[in-house]
Amino acid sequence: MKKIFLFSTAIFMMVTLGACGKESLKVKDNQSTITTSKNSNNKSTSPKFSAIPKHTTNHKEAIMNFEQIQTGNYSSLSGDWQLIKATAKNGDITDSTQVELSITKNNLTDGQITMNAAGLNDNSGNHKLDYQKEQGTLVANLADDTSINYSIKFCPTGTTNEYNNRVRNLIVIWTSNNNYTEVFEQKASNTEDKASSDVNKRNNDLWNTDKDDKLESFISQWSKTMNQDYQKYDGTNELKVSTGMSYPSDLANETVKGQQASIGWSKDGKGSYEYNVVAIYNHNGTLPPLPNRITYCFAFHNGKPVVLVDQSRDGGGDFEETQNVKLNSGFNEIAKN
């Protein structure tokens with residue numbers, strides 16, 4: 001009999017877009033210059049998992065304790081577990097299988113086999129276990145040869161696997177008898193549920209700090225294609241432009257397409273304005289005639305993302321929707337994700 005434990009750590013992260021650029025007086029805002037496993041006696045192979053990078057961390061990694069597990073102490077695996085997959089030689093039998101995994105400090109059992117400090121016990125008796133660490137996982141094998149082999153693997157959140165897309169701890173119990181495999185998943189804790197809820201809430205916001213960071217990164221890259229540099233309103237200090245306007249306070253004096261409009265600053269894209277501005281970027285031109293500027297306001301109009309641009313040189317400002325395709329598509333992509 002043979003039994004394998006898997007352990008590794010989770011890794012998570014995200015892709016950002018680049019940001020806004022630089023234009024001279026004669027360049028319109030829409031012109032851009034650039035575009036291990038082991039074999040059983042019947043030669044069946046137990047499931048394989050890949051270790052995650054060493055720099056990845058997850059609170060589950062800190063909970064699962066290899067040293068304790070090898071001594072028969074399973075307190076680091078406490079929690080509720082549920083069967084998510086069961087397969088046999090003839091295929092998937094999940095729906096027709098009713099089995100539970102029970103873990104206490106000193107015992108781990110699925111009703112057929114039991115693990116403890118003495119080893120692994122099944123219908124044929126008790127068997128000593130031999131532990132090995134393989135590619136960031138803990139593998140428990142039977143120390144003696146038997147007619148039926150087992151493997152039990154502990155696979156922590158983040159481990160590359162075929163069962164739950166790395167989102168939960170797994171315990172996989174396999175036996176060479178009919179090539180039977182049980183996959184148990186640890187249920188989310190209340191802390192995990194809250195974290196997941198918080199992430200979903202952030203994703204449902206019109207605007208948040210994550211999206212703002214992505215926009216800043218996008219502007220940084222996009223501005224290079226325009227051969228321009230942009231200054232961002234930092235959310236606290238007024239952004240003063242070369243033509244004398246100061247934002248966001250002077251948004252109240254702006255028109256949109258020559259028409260009086262309600263436009264103002266909003267952290268989350270929600271508010272009572274027609275245009276709720278969530279980000280402001282300005283480029284002051286250096287080529288005569290001076291002064292000249294290009295000011296972009298990234299806003300939500302009726303809940304929809306829109307990019308406004310003002311290139312006026314004197315008097316009150318006047319915004320219009322930008323014709324820059326890359327800027328529009330970049331902001332739309334960030335806003336919806």
Side-chain angles (χ1 to χ4, degrees), residues 2-14 36-38 45-87 94 99-110 113-117 119-120 129-142 150-175 180-200:
K2 198 195 256 192
K3 188 165 189 180
I4 304 176
F5 285 80
L6 280 166
F7 178 83
S8 64
T9 49
I11 196 167
F12 289 108
M13 236 267 137
M14 185 136 210
T36 93
S37 69
K38 298 201 173 196
T45 303
S46 59
K48 235 183 214 184
F49 294 84
S50 301
I52 54 180
K54 293 181 180 179
H55 66 271
T56 303
T57 59
N58 183 281
H59 74 278
K60 286 298 181 184
E61 180 184 12
I63 293 175
M64 299 181 77
N65 189 312
F66 282 178
E67 285 68 30
Q68 287 183 354
I69 292 171
Q70 292 179 75
T71 63
N73 181 345
Y74 307 115
S75 57
S76 64
L77 305 173
S78 62
D80 294 326
W81 295 78
Q82 60 185 350
L83 182 75
I84 62 169
K85 188 80 171 177
T87 60
T94 308
V99 62
E100 295 182 356
L101 183 67
S102 176
I103 300 177
T104 64
K105 179 180 179 180
N106 300 315
N107 288 282
L108 180 154
T109 181
D110 67 346
I113 58 97
T114 298
M115 286 186 66
N116 51 41
L120 184 148
L129 291 171
D130 176 37
Y131 292 91
Q132 293 181 351
K133 294 179 182 179
E134 298 179 359
Q135 297 181 333
T137 71
L138 181 66
V139 179
N141 295 325
L142 297 181
Y150 291 87
S151 71
I152 302 179
K153 301 182 179 183
F154 288 79
C155 175
T157 301
T159 303
T160 301
N161 65 79
E162 61 184 293
Y163 299 111
N164 69 356
N165 198 27
R166 315 190 325 162
V167 300
R168 294 283 184 272
N169 285 345
L170 296 180
I171 295 178
V172 181
I173 300 177
W174 171 87
T175 174
Y180 178 59
T181 301
E182 297 169 341
V183 182
F184 295 95
E185 177 184 85
Q186 188 172 30
K187 295 181 180 180
S189 66
N190 291 336
T191 300
E192 288 178 307
D193 286 337
K194 183 180 184 303
S196 177
S197 176
D198 290 343
V199 169
N200 290 334

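Keep in mind that the numbers below use all heavy atoms, side chains included, and drop hydrogens, waters and symmetry copies. When a residue number appears, it is its place in the shown sequence, counting from 1.
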Quiz item: Should we count CD of Glu100 as having more than 12 external heavy atoms under 6.0 Å?
Solution: no
Practice problem: Find the distance between CG (Leu120) and OG1 (Thr114) and round it off to the nearest 0.5 Å. | Solution: 8.0 Å
Self-check item: Criterion side chain to side chain contact (heavy atoms under 4.5 Å, CB included) on Ile69 and Tyr74, from CA distance to verdict
Solution: CA-CA 6 Å; Ile69 292 171; Tyr74 307 115; 4.1 Å; yes
Quiz item: Which atoms form the tightest heavy-atom contact between Asn65 and Ser76, and what is the distance?
Solution: N-OG, 3.1 Å
Quiz prompt | With Ile103, the side-chain contact (heavy atoms from CB on, under 4.5 Å) member among Asp80, Asp110, Ile171 | solution = Ile171
Quiz item: Looking only at atom types and distance, does a side-chain atom of Thr181 sit under 3.5 Å from a main-chain N or O of Ala86, one as donor and one as acceptor?
Solution: no
Practice problem: Using a 4.5 Å cut-off on heavy atoms from C-beta on, say whether the side chain of Ile173 contacts that of Leu101. | Solution: yes
Quiz item: If you measure from OG1 on Thr104 to CG on Leu77, what distance do you get to the nearest 0.5 Å?
Solution: 10.5 Å
Practice problem: Would you please name every residue forming a side chain to side chain contact (heavy atoms under 4.5 Å, CB included) with Ser102, sequence neighbours left out? | Solution: Thr109
Practice problem: Could you tell me whether the side chains of Ser75 and Asn73 share a donor-acceptor contact shorter than 3.5 Å? | Solution: yes
Self-check item: Nearest heavy-atom neighbours spanning Trp81 and Gln186
Solution: CE3-N, 3.3 Å
Quiz prompt | CG-CG distance between Asn141 and Asp130, expressed to the nearest 0.5 angstrom | solution = 6.0 Å
Quiz prompt | Thr175 vs Ile113, side chain to side chain contact (heavy atoms under 4.5 Å, CB included): CA-CA, chis, key distance, verdict | solution = CA-CA 10 Å; Thr175 174; Ile113 58 97; over 6 Å; no
Quiz item: If every non-hydrogen atom of Pro156 is compared with every non-hydrogen atom of Asn169, which pair is closest and at what distance?
Solution: CA-OD1, 3.0 Å
Exercise. Please tell me if the side chains of Leu170 and Ile84 come closer than 4.5 Å, counting only heavy atoms from C-beta onward.
Key: yes
